[in-house]
Amino acid sequence: MDFEFSAEQQQLKEQARRYLADKCPTTAVRAILEGSEPFDRALWQGLGEMGFLGAAIPEEYGGLGLGYLELCVIAEELGRALAPVPVSSSIFLVAEILKAAGSEEQKQRWLPKLASGEVIGTLASVEATGSVRPSNVALSAKAGTLTGAKSPVLDGDIADIAIVLARHAPGKDAQGLSLYLVDLNQSGIERTVLDTIDPSRSQAKIAFNGAAAELVGAAGDGWRLYEEALDRAAILTGFEQIGGADKALEMGRDYALQRFAFGRAIGSFQAIKHMLADMYVSATLARSNGYFGAYALSTGSADLAEAAATMRVSSTKAFQHCAKNNIQVHGGMGFTWAMDCHLYYRRSNLLAVSLGGLNEWEDKLIDRLRAKNAA
Amino acid sequence: MNFDDTPHEAAFRAEARAWIQANAPTHLLPYLEKSGYGGIELGGLDPMKEAKAWQKKKYDAGWACLHWPKEYGGRGSSPIERVIWNQEEGPYGALSGSFIIGHGMCGPTVMDWGPEEAKRELLPRLAAGEDIWCQLFSEPAGGSDLAGLRTKAERDGDDWVINGQKIWTSGAHYSQWGILITRTDPDVPKHKGLTMFFLRMDTPGVRIVPIKQANGQSGFNEVYFDNVRLPDSQRLGGVGEGWKVSLTTLMNERLSIGSGMSAGFPDIFEFCKELELADGTLAINDRGVRSKLAEWACRQSGLKYTGMRAISALSRGENPGPENSIGKLVAGSSLQEIAMFALDLQGQAGAVSDPKLATMAAKFQAQLLRSPATRVEGGTDEILRNIIGERVLGLPDDMRADKGIAFNKIPTA
């Protein structure tokens, strides 16, 4: 037993941290948040060149052919840096779905371009407010075309391809759902950029007006593939959240050391010290749950679904907890546009809903614990 | 990142499992699996006698105090082997409750600081469960502020004469030995004037008075010292080095709970699977209930894996760090929250604490009444947050009115 990342994996993590410290300081995040560019193109290209995007994509499809543990440490650093790039959509979701269910032709065609960053992918599933469930997926697939709309789609304005959860058979059940791959650069696609709580990651509404589409995986297998993809993405996104939580905690700690009031550093007041200690506890529990998630993901363990839900709940709460209390430690300064606290607060709350909210993942966790218990 | 046993670990596990299967007190298993919070009940059998018998059996076969060196009664095992043993011992481990303080804290302290002769004589007896040890640290005026303790040790020829009072001493009433921290010099700042000893609990002048706790039980004691005479050979570490010696004890305390405390999730999960709510649904299918269960499940697994990370660090040769302070902090409040929530779901029947009548043998009622102590004993929630804030996060110490002042000049009222 060794419950730690290997020395090589930790070196990779250091390398990613140095790279991102150089190429993605918060001024770069802020440039996307405030400007008209939807994402950091130079950073995206760099991440592709460094091999970070293709870390867990096999060499035969243009990746580095490392494993999930490597992708986890990279994800943590991306989260820490709030990298304003579509890694979660393109790599954690689309590349993963293609790896799991794509045809050989689809893998050869798209995975190398996803690994290099030449193509951006996204997953389009949401149609209504509330959880995504079979009964509220209505976008219809007929004779190789899609008709309907998805909104919001994370990175939907910049993606080149989308995997779309669509209904090929009428009704409300899961068996009528399939996944489709759609080239978004075609005339049957109409996109509208949306205002969101975190403009450092853009989102769009995508209308599919008879857009050409091809199946990914078997017809009727869409819901299962979708749920399994969410589990894997929850672990990878969980590392982004852990990275963000740690950084928000550090910002709060640093400010508490440097800011003096009543003649002393505010970090010497127990009210502040204990708030930071509680943030550390949340972040540590999430990290430990994350390590098990990484292990389960990398081994394809039977515990993967339970580990994913556990980590999702734990890391979502930890990032939200650390980001909101980081503002509290900073006091009024924390609520200024100029301070970076709100960047973390925004991102923590975006990631908290991006794969479905806490209430959905809490339900999944309890269902999975029950199933295991009954087995 | 690997949870699987190495071939060596697998062989160790198989050996441990085979020995346990052949030797464990299987007749106690049904009781141990049902045992409530903060005590074991063995269907009328004497828990201490059964605990000592199991410990002796383990000792005779070389399975006691696995991490201790062989010459002191241990097995010289690695931290991972110790975890494997604990996993395999499973519910039988609950029999060892009375030995935790001796094996986990007093033993290692004596091992690091005691005279060789005493180590060779006393540690194997401790490992075998023949002697039980207690830790005489807290005082009425020195709890969270441990270094504010007032029990005096004064030199008299080759002896020391001890006067004062300890409190919250777990198991003093059934212990044969104890380690004792005293003040030997009141004229220097408080951390500098302390000295540690070990002593027999039946030394003349030692008087043990059980404390009746808020939950009606008595696990803790007051211990009074009235001109108790100890030879200098029972000193642990140098005169004035008591604080340093006590840190060995406290560091080992972290290590001994390093494999993770339970946050109490399995019990509330079982309960919610069975309980029907007013609308006819099972509690476990209720959205509000699920949200709470999910939080506790995450804390439970988070502590478990934090413990495993600590063990991995230990086997790489790193010291157990203050970051392990989160275990009791998280578990204590979870146990209390869970107990209150379980009673809430039980409705008016939640008030009944008779094990013959109440749900799950009144486990949650006992937990409700015992859990306030978990949040205080061995470092209050607030002290643990200070430790995390100061020693993990590097925040400044609290302002201390007694800093640098001779102990006997510190204001007390």
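- Between B/Trp85 and B/Trp19, the ring planes lie tilted relative to each other; the angle falls in the 30° to 60° range.
- Below 4.5 Å, heavy atoms of chain B meet heavy atoms from A/Ala277, A/Asp278, A/Tyr280, A/Val281, A/Thr284, A/Leu285, A/Arg287, A/Ser288, A/Asn289, A/Tyr291, A/Phe292, all part of residues 277-294 of chain A.
- In terms of non-hydrogen atom pairs under 4.5 Å with chain B, the most contact-rich of A/Leu69, A/Thr310, A/Val313, A/Asn359 is A/Asn359.
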Full working for side-chain hydrogen bond (donor to acceptor under 3.5 Å, both in side chains) between A/Gln241 and A/Arg347: CA-CA 9 Å; A/Gln241 292 169 309; A/Arg347 183 64 62 84; over 6 Å; no
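- The greatest number of non-hydrogen atom pairs below 4.5 Å with chain A, out of B/Ser301, B/Gly389, B/Gly394, is found for B/Ser301.
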Audit row: B/Glu81, B/His67, side-chain hydrogen bond (donor to acceptor under 3.5 Å, both in side chains) steps and yes/no: CA-CA 8 Å; B/Glu81 286 171 341; B/His67 54 305; over 6 Å; no
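- Taking each heavy atom of B/Ile387 and B/Ser325 in turn, the nearest pair found is CG2-OG, 3.6 Å.
- The greatest number of non-hydrogen atom pairs below 4.5 Å with chain B, out of A/Leu257, A/Asp2, A/Leu365, A/Leu249, is found for A/Asp2.
- In this structure, no portion of B/Asp381 lies under 4.5 Å from any heavy atom of chain A.
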Steps toward side chain to side chain contact (heavy atoms under 4.5 Å, CB included) verdict (B/Leu329, B/Ile388): CA-CA 10 Å; B/Leu329 179 59; B/Ile388 293 169; 3.9 Å; yes
Verdict with supporting geometry, B/Glu337 and B/Ser334, side-chain hydrogen bond (donor to acceptor under 3.5 Å, both in side chains): CA-CA 5 Å; B/Glu337 287 169 23; B/Ser334 301; 5.3 Å; no
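- Of all the heavy atoms in B/Arg375 and B/Lys328, the pair that sits closest is C-NZ, 3.9 Å.
- Using a 4.5 Å cut-off between heavy atoms, B/Asp397 touches chain A through its backbone atoms (N, CA, C, O) alone.
- B/Arg316 touches chain A through its side chain: at least one heavy atom from C-beta onward sits under 4.5 Å away, while N, CA, C and O do not.
- When B/Cys272, B/Ala297, B/Ser312, B/Ala313 are compared by the number of non-hydrogen pairs under 4.5 Å with chain A, B/Ser312 comes out ahead.
- Put simply, of A/Leu358, A/Asp367, A/Ile366, the one with the most heavy-atom pairs under 4.5 Å next to chain B is A/Ile366.
- Residues A/Cys341 and A/Met251 approach most closely at N-CE, 4.0 Å, considering heavy atoms.
- Within the model, atoms CD of B/Gln300 and CG of A/Leu369 stand 10.5 Å from one another, a figure rounded to the nearest 0.5 Å.
- Taking a cutoff of 4.0 Å between a charged side-chain nitrogen and a carboxylate oxygen, A/Glu4 and B/Arg309 do not qualify as a salt bridge.
- Both the backbone and the side chain of B/Ile284 come within contact range of chain A, with heavy atoms under 4.5 Å apart.
- Only the side chain of B/Ile80 has a heavy atom closer than 4.5 Å to any heavy atom of chain A.
- Contacts from residues 262-276 of chain A to chain B, taken as heavy-atom pairs separated by less than 4.5 Å, involve A/Arg264, A/Ala265, A/Gly267, A/Ser268, A/Gln270, A/Lys273, A/His274, A/Leu276 in sequence order.
- The parts of B/Glu295 that come within reach of chain A are both its backbone and its side chain, each placing non-hydrogen atoms under 4.5 angstrom from that chain.
- Looking at every heavy atom in both residues, A/Asn349 comes nearest to A/Gln320 through OD1-NE2, 2.9 Å.
- Taking the six-membered ring for Trp, B/Phe269 and B/Trp296 have ring centres at least 6.0 Å apart.
- The pair A/Glu227-A/Lys364 meets the salt-bridge criterion, with a side-chain N (NZ, NE, NH1 or NH2) lying under 4.0 Å from an Asp/Glu carboxylate O.
- A cation-pi contact links B/Lys292 to B/Phe341, judged by a cut-off of 6.0 Å to the six-membered ring centre and 45° from its axis.
- Nearest heavy-atom pair, A/Leu236 versus A/Ala75, reported as atom, atom and distance to 0.1 Å: O-CB, 3.4 Å.
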